[in-house]
Protein chains: 4
Amino acid sequence: MTDRPRPLRADAARNRARVLQVAYETFAAEGAAVPIDEIARRAGVGAGTVYRHFPTKESLFQAIVADRLHQVVERARALAAADPGEGLYAFLFLLAEQGATDLGLTEAFAGTGFDLTEALPEAEREFMGTVAEILAQAQQAGTVRPDVDAADIKTLMVGLQAMHRFRGDSEHMRRVYPLIRAALAVQKAEG
Amino acid sequence: MTDRPRPLRADAARNRARVLQVAYETFAAEGAAVPIDEIARRAGVGAGTVYRHFPTKESLFQAIVADRLHQVVERARALAAADPGEGLYAFLFLLAEQGATDLGLTEAFAGTGFDLTEALPEAEREFMGTVAEILAQAQQAGTVRPDVDAADIKTLMVGLQAMHRFRGDSEHMRRVYPLIRAALAVQKAEG
Amino acid sequence: MTDRPRPLRADAARNRARVLQVAYETFAAEGAAVPIDEIARRAGVGAGTVYRHFPTKESLFQAIVADRLHQVVERARALAAADPGEGLYAFLFLLAEQGATDLGLTEAFAGTGFDLTEALPEAEREFMGTVAEILAQAQQAGTVRPDVDAADIKTLMVGLQAMHRFRGDSEHMRRVYPLIRAALAVQKAEG
Amino acid sequence: MTDRPRPLRADAARNRARVLQVAYETFAAEGAAVPIDEIARRAGVGAGTVYRHFPTKESLFQAIVADRLHQVVERARALAAADPGEGLYAFLFLLAEQGATDLGLTEAFAGTGFDLTEALPEAEREFMGTVAEILAQAQQAGTVRPDVDAADIKTLMVGLQAMHRFRGDSEHMRRVYPLIRAALAVQKAEG
DNA sequence: CATGAATGAGGTTTCATTCAT
DNA sequence: CATGAATGAAACCTCATTCAT
């Protein structure tokens, strides 16, 4: 009768948030192979509680990714609003760093065992739309070459996340960022 | 290299090679989650035979990576010998493509659940030495900026593999290669 | 009958009746394996409410069976009153049909995972008493052989329910009924 | 290459037989709800061993039913060969008794949570063919009325099994058998 | 009293690894 | 040496029942 999800009871909401938080941390740290039982244990709830909120492991994963993605997109908008020319770079490097400590997000982006486009088409569209927006701004500002598109940016993002994950050391990544800037900069000469 | 105390009997050697080949293909195609039994079945041997040659699944994985790495390094040398200026680029893009169809190699490089440096220090050294070599040649030839080092190249390689894996479509990757060339090219202007 | 110490409050009584009705339909349609949560959902109440009225799943089952049995017995009396000679046959075939759409009742009769005599001795006695009555009437009317007793009739009833359940098709059962009549008819010859 | 199931190794065959035997007894005694772990424990093997021989619980169940059915059919033939007129009755009552101590077989026949026709069409065909055969013989011998067919017999069989299961007491069933004979006998009068 | 969230034991199934044949 | 059967520890998920809200 009242099919629309009523606001959760206070305690349930608390548990749901706690599970989400713990799951995020656990997946981020140890990858998607962590047992649900382990997440339940760390969250201090029974396994059944996890399954009440997220009927499958996959759905828990999705919820986390959707959550993260949304946050990331909001940050991207803020960065681009603050400095249209630098916005795209800031976004790229921010996301790369996120990926470094967030295996789940990385896997979602890279499509390793999780197809973002299929699982969360809404989130994917929102994400790509935002990328297109701040890319256009940067191109108008003259800081990014006009012949790259949003898909190229996503590809680079996947690459950057992998690099960041590979180099836990963010010291080293600061050496790499200028290379990426060079790759995207408006320029005449080519290697 | 020095871990086979006695030359294997002919049939044992044949089995070992066959398992290695099949395991490579299977891991590459279906990821590291494939059961050992499945590999044994495809290789036409018993599971016990796999374990005789490779005491753990991990060790089989290592052997595969070592094997691939060795082949890749040899190809890198050949490419660099043929054209010192282009050698590094050719190597980079070759490896990226390899990674696209070879989950095992990608994971080994990216250190996802497998630490190349720890597991196969010998192979890692050989690989890094070769990278350093052909990088130096390219820098002398003036096709690569002088302020990048071998570690940077490895980082880019990891990124490129991730991109390639993400974009099964190699059409798209041809759009990305010029960006990477731009990143590494000797240049004045920046961002 | 005598186990409700105080009359229930109106809303509680309504809930109880509703749960009973829904549980009957659900068990009948999908078997005893249906989760209590599902029944609660269909009844539009919380699981806790079900447990308030029926302390275990088993007890809910018992209540349903008692309910059905009571109805069936009343119908049996009516049939026998209308036509003493045919009453028993009508009752038999009625119950068989009931069983076809009512897994719970069938199981209760057949004693599959549920012992009617132990769980509901009262209801069992009432049922058997009624069977004895209408059997006696039929025997006096000369339509049923004198050497069968109420226990035999119950046995046949269990068999008929099983047959009916097996043949969802009631077309087919109409072929079988004459056989059962032949089995019970007063007769001279025997196979 | 050699896809045809090679003869099992001696120890494997022993285990398989043992699991089958134990599973048969356990299902017969306690129904299909018994956990596989319990069967494994009783058979003195690991759960994995059960799953090696029977990849799902369902398949174990099928194997048992197929086994029983085959034995039953062979016995039916023997009985009919010994006495064509009595063969069908002997078969009916034999199967009824089997069903009394064999919940699995009963359920398979009655189609309760197991569709014989779908799961084991071969076995079903063999069974029905045999029923048709010995029914025809009995009808020719004049001991069974000519207007019943094999499907009717199967229906009665299901009913008889249910009755037998209901009356653990075979004493009582001896009262019921004459009724069934009367039902099937060639006769003039009817109810 | 009603709700529905939480519990946690238990079910089926998989798979790396060992070991009898 | 090769085989492949056996092991048994998890993994995911369900559901009867309890209890905080």
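In this text the structure is predicted, and so the values were computed from the model without any measurement. Below, read A as the first sequence line, B as the second, and so on, with proteins coming before strands; counting in each chain starts at 1.
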Checklist entry - For DNA chain E, whose closest nucleotide is more 5', that of Asp11(D) or that of Val45(A)? => result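 Checking each residue's closest nucleotide, the 5'-ward one belongs to Val45(A).
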
When you get a sec, tell me which of [options] is the closest nucleotide to the side chain of [X]?
X        : options                   : answer
Asp37(D) : dC12(F), dT13(E), dT17(E) : dT13(E)
Ala47(C) : dT17(E), dT12(E), dA5(E)  : dA5(E)
His53(B) : dC12(F), dT17(E), dA2(F)  : dA2(F)
Thr56(B) : dC12(F), dT17(E), dT12(E) : dT17(E)
Pro35(B) : dA16(E), dA2(F), dA11(F)  : dA16(E)
Tyr51(B) : dT18(E), dA5(E), dT13(E)  : dT18(E)

What is the separation between atom [atom1] on [X] and atom [atom2] on [N], rounded to the nearest whole Å?
X        : N       : atom1 : atom2 : value
Arg14(A) : dA20(F) : CZ    : P     : 13 Å
Glu30(C) : dC15(F) : CD    : P     : 12 Å
Arg16(C) : dA2(E)  : CZ    : P     : 12 Å
Lys57(C) : dC15(F) : NZ    : P     : 8 Å
Arg41(C) : dT3(E)  : CZ    : P     : 15 Å
Arg18(C) : dC1(E)  : CZ    : P     : 20 Å

Item to check | Minimum-distance pair of heavy atoms, taken over all atoms of Ala63(D) and Phe54(D) | outcome: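 In this case the closest contact between Ala63(D) and Phe54(D) is CB-CE2, 3.6 Å.
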
Item to check | Shortest non-hydrogen contact from Ile64(A) toward Phe27(A) | outcome: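 Closest pair (atom of Ile64(A), atom of Phe27(A), distance): CD1-CD1, 3.5 Å.
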
Checklist entry - Using purine N1 to pyrimidine N3 plus N6-O4 or O6-N4 for Watson-Crick, or N1-O2 and O6-N3 for G-U wobble, both under 3.5 Å, which nucleotide pairs with dT21(F)? => result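 For dT21(F), the partner nucleotide comes out as dA2(E), under the 3.5 Å rule.
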
Item to check | Watson-Crick or G-U wobble partner of dT14(F), both distances under 3.5 Å | outcome: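 Pairing partner: dA9(E).
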
Item to check | Rounded distance (nearest 0.5 Å) linking atom CD1 of Ile39(A) with atom CD of Glu25(A) | outcome: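 Result: 10.5 Å between the selected atoms.
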
Next on the checklist: Counting C-beta onward and ignoring hydrogens, is there a side-chain heavy-atom pair between Leu120(C) and Leu69(C) closer than 4.5 Å?
Outcome noted: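 No, every pair of side-chain atoms sits at 4.5 Å or beyond.
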
Item to check | pair Arg18(A)-Val45(A): side-chain heavy atoms closer than 4.5 Å | outcome: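 Heavy-atom side-chain distance check fails, nothing below 4.5 Å.
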
Next on the checklist: Below the 4.0 Å mark, does dA5(F) have OP1 or OP2 next to a side-chain nitrogen or oxygen of Arg52(D)?
Outcome noted: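 Yes, Arg52(D) has a side-chain N/O under 4.0 Å of OP1/OP2 on dA5(F).
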
Item to check | Phosphate contact (dA5(F) OP1 or OP2) by Thr49(D) side-chain N/O below 4.0 Å | outcome: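 For dA5(F), OP1/OP2 do not have a side-chain N/O of Thr49(D) under 4.0 Å.
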
Checklist entry - Base, sugar-phosphate alone, or nothing: which one does Asn15(C) contact when heavy atoms must sit under 4.0 Å apart? => result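 Sugar-phosphate contact only - Asn15(C) comes under 4.0 Å of backbone atoms but never of a base.
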
